[in-house]
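Structure, as structure tokens:
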Amino acid sequence: MITFSKKTIKKRSLWVQALEQKYLFLMSLPFVFWIIVFSYFPLWGWVMAFQKFRPGVPFSEQQWVGLDNFIQLFSDPQFYLVLRNTLAMSFMGLAAGYTVPILFAILLNEIRLMAFKRTMQTISYLPHFVSWVVVAGLITKMLAVDGGTVNAILLYFHIIDQPIQFLAIGEWFWGIVTLSDLWKEMGWSSIIYLAAISGIDPELYDAAKVDGAGRIRRIRHITLPGIRSTIMIMMILSIGWLTSIGFEKQFLLGNPIVQDYSQVLDLYVLNYGIKLGRFSYGTAIGIVNTIVSITLLLLANRLFKRWTQESVF
């Protein structure tokens, strides 16, 4: 009589499952190839951070400098200023861009007039498809001293005595960027929460109505617990992207007057790395940015797994 160990049976079952789902694996191959080409293959460029890279010079003839670029990076006071701006705008964006879409999705779900609900959804989604160039132009025009809508309203209601140069006040720049990003992405970010809410069993709401639960109590005891897993996973992923907030909105809305508040890590790479031809220095900044992002992601995943039993992996 032939007997098989548990390990052999488990391995065989894995192969059986792979054969049964071969078409799914084949469908995923283009995406795996895309990730390898555009995400993993470029990691070879990290070698430049340990060199004094010169374009056009063969790899074997590049000068190796070890950790000099990293030492120079951590010795630069401007780096810590840029890191402060990046983390500040990231946390503000996380606080606003994470909570408001959840509330917006819940409010949309409570609308019973379908025509009005679809209209609101469409209007809230549209800004996501507008380029940041156009959005920055609109915001700049609205906040302008001459003919700006915001200053005109404040003057009309006698809230201020003279126009305010909003984009020239560094302390206000973080708030302007956060609100601009919230307006642009709120509707789009709420889609995943609306999808999660639609997966909740309607019979739970009917039973709650029979028991006399009002709308607020149904939201508190059915809707929020029903989308809890989605909320936690999105929070973990958002924390992992804290230091990778891009540079478009800061670049387009910023100016030399508010540079101490508008410059983020990606702009720092552009200004002190690519523009000055210091490619190795720019690569070192990118490596530090990636390490910080991965550390935040792993830490957030570990903490949420311990506290809420929810995790990404």
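Treat the numbers as computed from the prediction; the structure is a model and nothing was measured.
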- Item | Asp161 atom CG, over 12 foreign heavy atoms within 6.0 Å | no
- Task: Indicate yes or no for a side-chain donor-acceptor contact from Arg112 to the backbone of Asn109 under 3.5 Å, with no hydrogens or angles considered.
- Result: yes
- Message: Quick check: closest heavy atoms across Phe166 and Leu143, and the distance to 0.1 Å?
- Response: CD1-O, 3.8 Å
- Query: Do Ser180 and Leu253 have side-chain heavy atoms sitting under 4.5 Å apart?
  - Reply: yes
- Heavy-atom nearest pair, Ser198 first then Ala195, reads OG-O, 2.6 Å
- Query: Do Met89 and Gln250 come close enough that some side-chain heavy atom pair is under 4.5 Å?
  - Reply: yes
- Message: Just so I know, are the side chains of Ile139 and Val135 near enough to count as touching, which here means a heavy-atom distance under 4.5 Å?
- Response: yes
- Item | hydrophobic_cluster_shared for Val47 and Ile285, side chain cutoff 4.5 Å | yes
- Tyr98 versus Ser189, side-chain donor and acceptor atoms under 3.5 Å: no
- Query: Is the side chain of Arg218 donor-acceptor paired with the backbone N or O of Ala213 at a distance under 3.5 Å, no angle test?
  - Reply: yes
- Give the cluster check for Ile164 versus Leu138: same hydrophobic cluster or not, with ILVMFWY residues linked at side-chain heavy-atom distances below 4.5 Å. yes
- Go through Ile160 and Leu155 one step at a time and tell me if the side chain to side chain contact (heavy atoms under 4.5 Å, CB included) criterion holds. CA-CA 6 Å; Ile160 59 176; Leu155 288 170; 3.7 Å; yes
- Message: Which label fits Phe53 and Phe279: parallel for a plane angle under 30°, tilted from 30 to 60°, or perpendicular past 60°?
- Response: perpendicular
- Message: Quick check: is Ile191 connected to Ile227 through a chain of hydrophobic side chains (ILVMFWY, heavy atoms under 4.5 Å apart)?
- Response: no
- Task: Describe, in one word, how the ring planes of Trp34 and Phe38 are oriented to each other, choosing from parallel (under 30°), tilted (30 to 60°) and perpendicular (over 60°).
- Result: tilted
- Message: With rounding to the nearest 0.5 angstrom, report the CD to CG distance, Gln259 to Leu267.
- Response: 9.0 Å
- Item | Minimal non-hydrogen separation, Ala96 against Thr178, with atom names | CB-CG2, 3.9 Å
- Least distance between heavy atoms, Ile71 atom then Ser75 atom: O-OG, 2.7 Å
- Would you find a donor on one side and an acceptor on the other, under 3.5 Å apart, between the side chain of Gln62 and the backbone of Arg54? yes
- Message: Please check if the number of heavy atoms outside Phe59 that lie under 6.0 Å from its CZ is greater than 12.
- Response: yes
- Side-chain heavy atoms under 4.5 angstrom apart, residues restricted to Ile, Leu, Val, Met, Phe, Trp, Tyr: same cluster for Tyr23 and Phe25? no
- Task: Using the side chain to side chain contact (heavy atoms under 4.5 Å, CB included) rule, take Leu107 and Met120 through it: C-alpha gap first, then chi angles, then the decisive distance, then the call.
- Result: CA-CA 11 Å; Leu107 291 176; Met120 290 298 297; over 6 Å; no
- Given side chains that start at C-beta, do those of Phe247 and Val269 come closer than 4.5 Å, heavy atoms only? no
- Is the number of heavy atoms from other residues, nucleotides or ligands within 6.0 Å of CE (Met142) greater than 12? no
- Grab the two heavy atoms, one from Leu73 and one from Ala284, that are nearest each other, plus how far apart they are. CD2-O, 4.2 Å
- With rounding to the nearest 0.5 Å, note down the distance linking CD1 in Ile216 to OG1 in Thr223. 10.0 Å
- Message: Please check: side-chain N/O of Asn255 versus main-chain N/O of Ala168, any donor-acceptor pairing under 3.5 Å?
- Response: no
- Within one Ile-Leu-Val-Met-Phe-Trp-Tyr cluster: Leu179 and Val130, side-chain cutoff 4.5 Å: no
- Does Asp146 CG have over 12 foreign heavy atoms under 6.0 Å away? no
- Task: Evaluate the side-chain proximity of Ile200 to Tyr205: yes if any heavy-atom separation is below 4.5 Å, no if none is.
- Result: yes
- Query: Between atom CG of Leu87 and atom CG of Leu94, what is the distance when rounded to the nearest 0.5 Å?
  - Reply: 11.5 Å
- Within a strict 4.5 Å, meaning less than it, do heavy atoms of the Ile106 and Tyr193 side chains meet? no
- Query: Could you go step by step and tell me if Leu276 and Tyr281 meet the side chain to side chain contact (heavy atoms under 4.5 Å, CB included) rule?
  - Reply: CA-CA 10 Å; Leu276 299 179; Tyr281 188 68; over 6 Å; no
- How about Tyr80: does its OH atom have over 12 heavy atoms from other parts shown lying under 6.0 Å from it? yes
- Thr283 side chain to Trp46 backbone, donor-acceptor under 3.5 Å: no
- Query: Is there side-chain contact between Gln165 and Ile257, with heavy atoms separated by less than 4.5 Å?
  - Reply: no
- Message: Looking only at the aromatic ring of each residue, does the gap between the centers of Phe129 and Trp188 stay below 6.0 angstrom?
- Response: yes
- Query: How many angstroms lie between CG in Leu83 and CD in Gln263, if you round to the nearest 0.5 Å?
  - Reply: 12.0 Å
- Check whether any side-chain heavy atom of Asn289 lies under 4.5 Å from a side-chain heavy atom of Asp266, and answer yes or no. yes
- Message: I'd like to know whether CZ of Phe70 has more than 12 heavy-atom contacts from other residues, nucleotides or ligands below 6.0 angstrom.
- Response: yes
- Please report the C-alpha distance between Asn85 and Phe173 in whole Å, then the side-chain angles of each, then the deciding distance to 0.1 Å, and finally whether the side chain to side chain contact (heavy atoms under 4.5 Å, CB included) criterion is met. CA-CA 10 Å; Asn85 296 338; Phe173 185 82; over 6 Å; no
- When rounded to the nearest 0.5 angstrom, what distance separates CG in Asn271 from CD in Gln78? 9.5 Å
- Message: For the residue pair Arg84 and Tyr261, would you count it as a cation-pi contact if the rule is NZ or CZ under 6.0 angstrom from the ring centre and within 45 degrees of the ring axis?
- Response: yes
- Among side-chain atoms of Asp76 and Tyr268, is any donor-acceptor pair under 3.5 angstrom? yes
- Using atom types as modelled and distance alone, determine if a side-chain donor or acceptor of Asn69 lies under 3.5 Å from a backbone N or O of Ala49. yes
- May I ask you to check whether over 12 heavy atoms, not counting those of Lys117, lie within 6.0 Å of atom NZ? yes
- Flag if over 12 foreign heavy atoms under 6.0 Å of CZ, Phe74: yes
- Query: Rounded to the nearest 0.5 Å, what separation is found between the CD1 atom of Ile102 and the CG atom of Leu194?
  - Reply: 11.5 Å
